[in-house]
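The structure appears below as structure tokens.
Treat the numbers as computed from the prediction; the structure is a model and nothing was measured. To find a chain, count down the sequence lines: A is the first, B the second, and so on, and within it residues start at 1.
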Amino acid sequence: MRFVDEFRDAEKAHALAAKIAALCEPGRQYKFMEVCGGHTHTIYKHGLEDYLPETITLVHGPGCPVCVIPMGRVDDAMHLAAQPDVIMTSFGDMMRVPGSEGSFFDAKARGTDIRMVYSPLDSLKIARANPDKRVVFMAIGFETTAPSTAMTLLRAAAEGLRNFSVFCNHVTIIPAIKAILDSPDLRLDGFIGPGHVSTVIGCRPYEFIARDYDRPVVVAGFEPLDILQSIYMLMLQLAEGRSQVENQYSRVVPWNGNLVALKAISQTMELRPYFEWRGLGFISHSALRVRDSYAAFDGERLFEVPGVRVADPKACQCGEVLKGVLKPWECKVFGTACTPETPIGTCMVSPEGACAAYYNYGRMHRQRVAEAAGTGGVTHP
Amino acid sequence: MMPEHPDLAKVDVSGVRRVINVGLLSDSPPQPGEWVLIHVGFALSKIDEEEAAAALQFLEGIGQAYADELAALAESRIE
Ligand code: SF4
């Protein structure tokens, strides 16, 4: 396929890898965070870590929409779905996220009307076809997905639909990156910036990372060569003593983002004072809620939402994985009690989750190397 | 494009025809033949052919440098 195959050529990957290796300063360790779960997926699917020198570590970030939804929110959604006459609609990868009483799939099996949709617009169709029901769309995702929810809200309002609402769980990436930069657990040398989020917000919002934290950021595409080239660009910045925001994915990401999309979001949604993220805790101004002027389409106002905070299961270490402090295989239940079929934590659910990506592609090469060398895998008490 | 629904367009996704919403590109609507990035039924961004070509040129360049290096290495006889 065009714009895909060209960015997968193995020979060019080796060429990039050689250039990256040539930029490594002897004795220096490099840690880059790929913020977006889509990148995590590509990295494991194509075994990109095997192309990199051992001194470069890729740390997986929090940019996986279903991974960061806290258990309490899943329970809230479940409560909403169980109200009389409600049809809950949800994206597929949300269906398996465990709440304290099981997942959407489990609830569906027990008779709750939860339907999988590809697009939020499909929920409008369901609402039109079922005028005596109340359709609630479980909205999740970063700025990539928020515009679609916003357009759907605008459409519902324009049509005067009375039986459609949104349970809004949209989150914003910048506060999460800032929380990671401010956390003492992790020292990062740079960021592989989220490509799809940036089609909406553009590259400017990352400038504080370069300016205030002196770390380079390269917004990257999703093919293997995109990621390798971005790592090369990060290494080049470090070698030249620069910290800038650069755009490797300029074929898709405009520097200023998508103004129509940003406008649609701000017309229908506003920042919440704070929101809980799985693993990262409460982060201020890190999520969106439906604006007052669209209150008639806000599931949180139309229904009573318990809003109880639920602690993650004891065995679950998703929080550490989402912060990049633990590698998936360092979690005690990884691959044993927690698998994609029986996920304990969210990172095993979505294909963009670090645990699922590790598990599905069996890229545990480094772990095996580390164990063979007797250094052991677990580096955290 | 679908004149009766200015927000909708027919696209070819790996050989499958689908209708998507292009309302988020209303600043500069895509023309027939252009490529777009689709997410949950919406076109989020147009693919900029010139930028794509520039990226490929960079990759070709380093690919070539690497191939030359390999060829040179194959010819060298260090003893
Ligand atoms: S293995 Fe399961 S419980 Fe452990 S961090 Fe991964 S998803 Fe969470």
Of all the heavy-atom pairs spanning [X] and [Y], show the shortest one and how long it is.
| X | Y | result |
| --- | --- | --- |
| A:Pro120 | B:Val40 | CD-O, 3.9 Å |
| B:Leu44 | A:His196 | CD1-O, 4.4 Å |
| A:Ser148 | B:His39 | OG-O, 4.1 Å |
| A:Tyr118 | B:Gly41 | OH-N, 3.2 Å |

Taking atom [atom1] of [X] and atom [atom2] of [Y], what is their separation to the nearest 0.5 Å?
| X | Y | atom1 | atom2 | value |
| --- | --- | --- | --- | --- |
| B:Phe42 | A:Thr144 | CZ | OG1 | 13.5 Å |
| A:Tyr249 | B:Ile47 | OH | CD1 | 6.5 Å |
| A:Leu121 | B:Ile20 | CG | CD1 | 11.0 Å |

**Prompt:** Can you say whether A:Tyr232 sits under 4.5 Å from chain B via the side chain, the backbone, both, or neither, judging by heavy atoms?
**Reply:** side chain
**Request:** Please state whether the side chain, the backbone, both or neither of A:Lys263 comes within less than 4.5 Å of a heavy atom of chain B.
**Result:**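 Nothing of A:Lys263, per the 4.5 Å heavy-atom cut-off to chain B.
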**Request:** Applying side chain to side chain contact (heavy atoms under 4.5 Å, CB included) between B:Ser45 and each of A:Asn258, A:Val200, A:Thr199, A:Val253, report the one that passes.
**Result:** A:Thr199
**Message:** Would you say CZ of B:Arg18 has more than 12 non-hydrogen atoms from neighbouring residues, nucleotides or ligands within 6.0 angstrom?
**Reply:**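 Open.
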**A:Glu240 CD: over 12 foreign heavy atoms closer than 6.0 Å** =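 Buried by this count: over 12 neighbours within 6.0 Å.
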**Message:** Counting only non-hydrogen atoms closer than 4.5 Å, does B:Leu37 touch chain A with its backbone (N, CA, C, O), its side chain (CB onward), both, or neither?
**Reply:**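 Only the side chain of B:Leu37 comes within 4.5 Å of chain A.
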